[in-house]
Protein chains: 2
Amino acid sequence: MAEKVTIATVARHARVSRQTVSNVLNAPHIVREETRRRVQEAITALGYRANQAARQMRTGRSRLFAVRIEPTRDGINGSVLDRFLHGLTETADAAGYRVMLYTATGDDDEIATFDDLLGAYDLDGFVLTGTDHGDPRTAWLAQRGVPFVTFGRPWDDPESHPWVDVDGAAGTAQATQRLLDAGHRRIAFIGWPEGSGVGDDRRAGWRTTMAAAGLDGAAPCRATEDGIAQGEREMRELLATDDPPTAVVCVSDSLALGALRAVRDTAVPVAVTGFDDTPVAAAIGLTSVSQPLAAAAGRCVELLTGLLDGQPTDPHVLLSPTLVLRHTA
Amino acid sequence: MAEKVTIATVARHARVSRQTVSNVLNAPHIVREETRRRVQEAITALGYRANQAARQMRTGRSRLFAVRIEPTRDGINGSVLDRFLHGLTETADAAGYRVMLYTATGDDDEIATFDDLLGAYDLDGFVLTGTDHGDPRTAWLAQRGVPFVTFGRPWDDPESHPWVDVDGAAGTAQATQRLLDAGHRRIAFIGWPEGSGVGDDRRAGWRTTMAAAGLDGAAPCRATEDGIAQGEREMRELLATDDPPTAVVCVSDSLALGALRAVRDTAVPVAVTGFDDTPVAAAIGLTSVSQPLAAAAGRCVELLTGLLDGQPTDPHVLLSPTLVLRHTA
DNA sequence: TTGTAGGCGTTATCAT
DNA sequence: ATGATAACGCCTACAA
């Protein structure tokens, strides 16, 4: 444990004042070339690292972002957040920020945590995931002028705050088109109940694609809560109709997995596509729409740092997903 | 957005000195009952929160732990870390600590990050996951007296530092015993190559159980890298032998998934068990050994906080996994 | 371009 | 039991 290396140690070593060292760190352009080099050398030689606590106390900024980590619901969708989180940490790191985790049991609890975090750690910003209609969290943050970005559009008013999202409609449209190209005509959709922004968006992609092909009439649509069992049930009912579909686009891998089970029992092959390209999909060969999570995370960091530096960045980013073709479609 | 509430604000409000407020916070017992109550009231009334940066500068402690988030390798095993991380964040929270994330591309890079983090944020401790033989990271931390806990035993010397782990051998033993009870006699094992602590441990559980049943001769054992394709190949080779196994215990869900594919083509039903109870296992009905990840995370935090408070806690915790029975065995 | 003098909010030390 | 004072490491004035 070498004794602590402070800005003073560096100054002494480089035979300049502490202020000059600070300048080299925070405003390199105002320091003479040669002096700067000498200071830089001292910094690396001594292994100096700016103490964030001291810096934060003076500047009020912590170079820290906070992200909520969710309780891994059914575990299938959990991996999406997991991948996003990794991308976020990596990009933030590169931008000189670190990511702090927190948990919350609901919106109110999360808002209380905002308060806590802001008071105790002077957090620079938040990255929220999974926003929904009339989200109280974004309102709270916006009202206090706390910088934040959401991964997921604000469905009520797209202009209300910076966000990054993946174009779900484009994803399902792609999947639907692919089935169309393969000769399918009766293509069903199994989605979530109306009212969730994400679910409605994905359904719209399928619906418009079918309509564009003049196939509205051949497009049975079901809605259910997420889950494998639910997917299986809906698909069975679909198959039991007079004119059963030959393909189905599902709003999630969970539902697609269930549909796949129902389909396995039938003689006629039915094509199935899912959404999110989760590990499960990869493992069982399910064709699925893949979100560019690392890119999304990167853009979130970009937006947030831009906000903090007062740089004007386009605050709304919509990324395109890609269809990963496997055995099931 | 109200003006900042500091210890001075509270002191004024409660008509005491700043020091008394500090005492109420850090050494309540030395403050008179009535004074303490008055200060507490002021604290809640004003919504005061101790500023961590200032506290840290004075005490040198940050109430921050760091954990590495991995690049979600094949995604199947990634979910294990994900669940662990969530448990960690929750327990740390309850203990008044927060979790900071970092990434690293290798051991050396990770050590460099330790240095960074320690210098910049005065981190209180690290939680390492997935230790292996002769881990340079633990050596580095230990040498500098940095508090840390590993999730995973140090295989070379169990006494060298505090750890929490799950008894892998007990898990595979349980799985094997269950197959024995079901009447199986020829039970194979598909594992990882010798040399990984975790893999060898899990193999040992199977081997000793078979030996105890006097079935050493009926216990074909294969080793391969992790992966679905690898599992399928090994299982096919196993099935092609003169006296093929009627059941197989796999060291991971990935391998089990592959084995399952090989087995689906055969006429004779072959029982398969995996390890980690990943979402994939749940989705396809694979019997698997489940690790108590939330509990493990909790014990990690317990050990670490104990270390920091100088409390003597048993520094070695071995938890038992449970077998989750599903369709495949 | 470089040096000097506060002060950020907290806690430890020492008086009272 | 309580209060005054110094110090943690850094950055932002201002002076040289």
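To find a chain, count down the sequence lines: A is the first, B the second, and so on, and within it residues start at 1.
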Inter- and intrachain pairs under salt bridge (charged side-chain N to carboxylate O under 4.0 Å, His left out), touching residues 117-126 of chain B, at least two apart: none
Rounded interatomic separation in angstrom, taking CD1 from A:Ile7 and C1' from D:dG9: 8 Å
Partners passing salt bridge (Lys or Arg N to Asp or Glu O under 4.0 Å) against B:Glu33 (at least two apart in sequence or in another chain): B:Arg36
Salt bridge (Lys or Arg N to Asp or Glu O under 4.0 Å) involving B:Asp93 - partner list, sequence neighbours excluded: B:Arg98
End axis versus end axis in the helix from C:dT1-D:dA16 to C:dT16-D:dA1, the angle rounded to 10°, five pairs used at each terminus: 40°
Distance, rounded to the nearest Å, where B:Met57 contributes CE and C:dT10 contributes C1': 8 Å
A:Phe114: partners by ring-ring contact (aromatic ring centres under 6.0 Å, His included), with sequence neighbours left out: A:Phe126, A:Trp140
Distance, rounded to the nearest Å, where B:Asp122 contributes CG and D:dC10 contributes P: 10 Å
Base of C:dT11 paired with side chain of B:Arg58 (donor-acceptor, under 3.5 Å): yes
Rounded interatomic separation in angstrom, taking CD from A:Gln56 and P from C:dT10: 12 Å
Non-neighbouring partners of A:Thr91 that pass side-chain hydrogen bond (donor to acceptor under 3.5 Å, both in side chains), sequence neighbours left out: none
Contact list for residues 50-63 of chain B, test salt bridge (charged side-chain N to carboxylate O under 4.0 Å, His left out), sequence neighbours left out: B:Arg61-B:Asp309
Nearest-Å distance for atom pair CZ/P, residues B:Arg12 and C:dG9: 11 Å
Residues in side chain to side chain contact (heavy atoms under 4.5 Å, CB included) contact with A:Asp156, at least two apart in sequence or another chain: A:His133
B:Asn26 CG - C:dT13 P separation (whole Å): 13 Å
Whole-Å distance separating the CG atom of A:Leu25 from the C1' atom of D:dC11: 11 Å
Residues, nucleotides or ligands: over 12 heavy atoms within 6.0 Å of A:Asp108 CG: no
Any residue of residues 44-52 of chain B with a heavy atom less than 4.0 Å from an atom of DNA chain D: none
D:dC11 phosphate, OP1 or OP2, under 4.0 Å from A:Thr59 side-chain N/O: no
Ring pair (Phe, Tyr, Trp, His ring centres under 6.0 Å) pairs, two or more places apart, involving residues 29-69 of chain A: A:Phe65-A:Tyr97
What does the list of N/O pairs under 3.5 Å between the protein and nucleotides 1-3 of chain D look like, with a distance for each?
residue : atom : partner : partner atom : Å
D:dT2   : OP1  : B:Arg32 : NH2          : 3.1
D:dT2   : OP1  : B:Thr35 : OG1          : 2.4
D:dT2   : OP2  : B:Arg32 : N            : 3.0
D:dG3   : OP2  : B:Ser17 : N            : 2.7
D:dG3   : OP2  : B:Ser17 : OG           : 3.1
D:dG3   : OP2  : B:Thr20 : OG1          : 2.8

Residues which pass side-chain hydrogen bond (donor to acceptor under 3.5 Å, both in side chains) with B:Asp167, listed by chain and number, not counting sequence neighbours: none
Side-chain donor-acceptor contact under 3.5 Å, A:Gln56 with A:Tyr121: no
